[in-house]
Colleague: 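First the structure, then my questions, so here it is.
Residue numbers begin at 1 in each chain, while the letters A, B, ... track the order of the sequences.
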Amino acid sequence: MQSRPLILDLPRLALLSLAAFVVLAPYIWMVAVSVKPQDEVFKASLSLIPQKWALVENYGKVLATIPVWTYIGNGLIVCFGILFFQILFAVPAAYALAKLNFRGRELVFGFVMLGLLVPYQTTALPLYLGIHQLGLLNSYTALIAPFTCSVFAIFLFRQFFRAIPDDLINAARIDGMGEFSIVWRVVLPNALPAATAFAIFSVVAHWNDLFWPLIVIQKGDLYTPAMGILAFRSVEAGEDYGALMAAALLVTAPLVLAFLLAQRRFIEGITMTGLKG
Amino acid sequence: MGGFHTGVTEPLSKVQADRADAGPQLANPGVASGVCMSGIVLHDIQKSFGTTNVLRGVSLSVAQGEFLSLVGPSGCGKTTLMRIIAGLEAVSSGAVQIAGRDVTALRAADRDVAMVFQNYALYPHLTVRQNIGVPLMMRRLSAAERVPFFGGLLPGVAEKQRTINADVVNAAEMLGIGKLMDRKPAQLSGGQRQRVALGRAIVRHPMAFLMDEPLSNLDAALRVTTRSEIVALHRRVGASTVYVTHDQSEAMTMSDRVAVMMDGLILQVGTPEDIYTNPQDLRVAAFIGSPSINMLAAEIGLHGRVTVGSVPIGLGASGHGASQHGPAILAIRPEDIAPHATGIAARIEHQEYLGESLLVHARVLDSGEQVICRLLPEKRRHVARGETVHLRPDPAKALLFDGDGHRLGSRVLSLEDAHG
């Protein structure tokens, strides 16, 4: 394609930059506040760069008062635990729904669609009671188990797998693969963009989730990052916004890094162009 | 070509004596199962999808090392039949034997057949080397040994992987793709992908090869060269091969034998020559050959004498057909009918000069039927558009069919017979 002169792209660029700025502004403000001393935070001026840097005080206070690394560790265990089981269960299920012929397939898929319509808050109470009965409150299991079967994942993968040619799967059968080998060796590697996109959705949702951890976790050493900020806020009387923003920045940093690293695949997966060429 | 033939339709009557060498002895295909222990034997295969009968009782044997083509129009069931041999589709009834073993109930993975797919079906995420190696890896390594990374640490695995790699390299060299080993399929041309697909099939020396229109995605020039390469490869590897195509020229040029399928049945199995010169069914005669065979309404009269539009053509129905007075169909290849002093009156409508031959399109005056004659190109001067000529079919090559399309026996009549 011929490259257009920059001038023609300028209006578009300006509009997109404005939109990006609107979306990013709170985050940028958060970064700015996290390095400002207490008295500068409420100043009327809109300066991003602090007059007096309070980086060490704010971050030092966070690290000294709450075990940030424990919370981030918990977040990683919970998010990747959830993701592992979601992939483990959803990929074979989606493969069966997309590529195998069996009685009742459409019915089962109907249930999956139905499951998409149920918001998870409605199932929270029965799930809580069940976990309580099993004596599993205050455990990683309580944080992970309710999310291991994702109907959204089944739906997403099923749509993606349908684009994989049948003959590719037949070729694998003739080459000696069983159905599970086909799922892990042929189907999943060819659906990596979808898997990456789903992984980001899943990790972001559970990293930031506050609702469910608040229900099942009371013990501080099992706090997830979002709960950690909450705890920090109540421990440290909510006025120290500089330190609070520093805490927020610390717990969102892993997500931002992960997104920047996986950005390209993420976009590929959303636009579903991964299998072409 | 082994001396092993089966046919499907018993001829209604014995073919005339002067053609005795053309037709092989036709036997019931089901009987052959005991003879060829090491090929592929299909016994009365039926397959229906819902209420549609796709295969309606197909029996076929492919001898060890034989190259057999399944040819027929699209929708005739040839691909379904191949998928049944491969184990990708279950039969509704019937049995499949490969190398003397009943595999009807076995999965594709356990049948020891290899297949080349129309669109190659290479693994997009694997390199050429890995693609060709997959069938060996799945067969020679245990599940634990196949685990990525950790499997390689088990005792003996490194040695196995070395032999797998050596076999992969051998197969690739045989196909001339040794330099492409570390590319992904997306980086290959159509012809190269085809070779990788062939490599993946031959690398494990399967009992049988199945090829589903493997040339249809190649351009015309590449198709012709790849044809002969596949035949050469088949000779080297020596496994029974079933080749599905809708292209009769592929079937005719590549095969030891051709099976013509239509409407879920095999109409005839025979050598390409046999199928061409001695079709047992009018549909076979019409399907094979380009341009297709001419069909003229004929009449079987007294003493079995055959006339076309009341013109005697020196042909008599014999055997069973002799007593069948009434309408019949005379089928004659374009190269076996030519203008002559006497014969069927027709007007020349059009001619096509093809360099090595001349196709003359004519219309029979009485019936309006279209006839195509293939003449030597020198004859061009003697036939002009709009001219009326008399076409004489060569009675020794003419084929006679009854109204249902079944072949009738025929014999050449001497001149006295013809007019007496």
Colleague: Within a strict 4.5 Å, meaning less than it, do heavy atoms of the A:Arg185 and B:Met137 side chains meet?
Modeller: yes

Colleague: Indicate the atoms forming the closest heavy-atom contact of B:Val134 with A:Met177, along with that distance.
Modeller: CG1-CE, 3.5 Å

Colleague: Which value, rounded to the nearest 0.5 Å, describes the distance between B:Arg83 atom CZ and A:Asn170 atom CG?
Modeller: 5.0 Å

Colleague: Against chain A, label B:Leu210 side chain, backbone, both or neither, depending on which of its atoms sit under 4.5 Å from a heavy atom there.
Modeller: neither

Colleague: Quick check: under 4.5 Å, non-hydrogen atoms only, which of residues 71-78 of chain B neighbour chain A?
Modeller: none

Colleague: Which of residues 104-121 of chain B get closer than 4.5 angstrom to chain A, counting heavy atoms alone?
Modeller: B:Arg107, B:Ala108, B:Ala109, B:Val113, B:Ala114, B:Met115, B:Phe117, B:Asn119, B:Ala121

Colleague: Within the supplied structure, the quantity of interest is the number of heavy atoms (other residues, nucleotides, ligands) at a distance under 6.0 Å from A:Ile7 CD1; does it exceed 12?
Modeller: no

Colleague: Can you give each donor-acceptor pair under 3.5 Å made by side-chain atoms of residues 89-100 of chain A, sequence neighbours left out, with the distance rounded to 0.1 Å?
Modeller:
from	atom 1	to	atom 2	distance (Å)
A:Tyr95	OH	A:Arg173	NH2	3.3
A:Tyr95	OH	A:Glu179	OE1	2.7
A:Lys99	NZ	A:Ile164	O	2.5
A:Lys99	NZ	A:Asp166	OD1	2.9

Colleague: Taking everything shown except A:Phe80 itself, do over 12 heavy atoms lie less than 6.0 Å from its CZ?
Modeller: no

Colleague: With a 4.5 Å cut-off on heavy-atom pairs, point out which of B:Gln187, B:Arg146, B:Lys184 contacts chain A the most.
Modeller: B:Arg146

Colleague: Got a sec: does the CZ of A:Phe180 have more than 12 other heavy atoms crowding it under 6.0 Å?
Modeller: no

Colleague: Counting only heavy atoms not in A:Phe84, do more than 12 fall under 6.0 Å of its CZ?
Modeller: no

Colleague: Can you name the residues of residues 161-171 of chain B that have some heavy atom under 4.5 Å away from a heavy atom in chain A?
Modeller: none

Colleague: State the CG-CG distance between A:Asp167 and B:Asp212, to the nearest 0.5 angstrom.
Modeller: 7.0 Å

Colleague: Closer than 3.5 angstrom, by distance alone: can the side chain of B:His125 be matched with the main-chain N or O of A:Leu192 as a donor-acceptor pair?
Modeller: no

Colleague: Is the CZ atom of A:Phe111 crowded by more than 12 outside heavy atoms at less than 6.0 Å?
Modeller: no

Colleague: Please examine the side chains of B:Pro124 and A:Leu168, heavy atoms only from C-beta on, and report whether any two atoms are closer than 4.5 Å.
Modeller: yes

Colleague: When you look at CZ of B:Arg139, are more than 12 heavy atoms from neighbouring residues, nucleotides or ligands closer to it than 6.0 Å?
Modeller: yes

Colleague: Indicate the atoms forming the closest heavy-atom contact of A:Ser181 with B:Met138, along with that distance.
Modeller: OG-CE, 3.9 Å

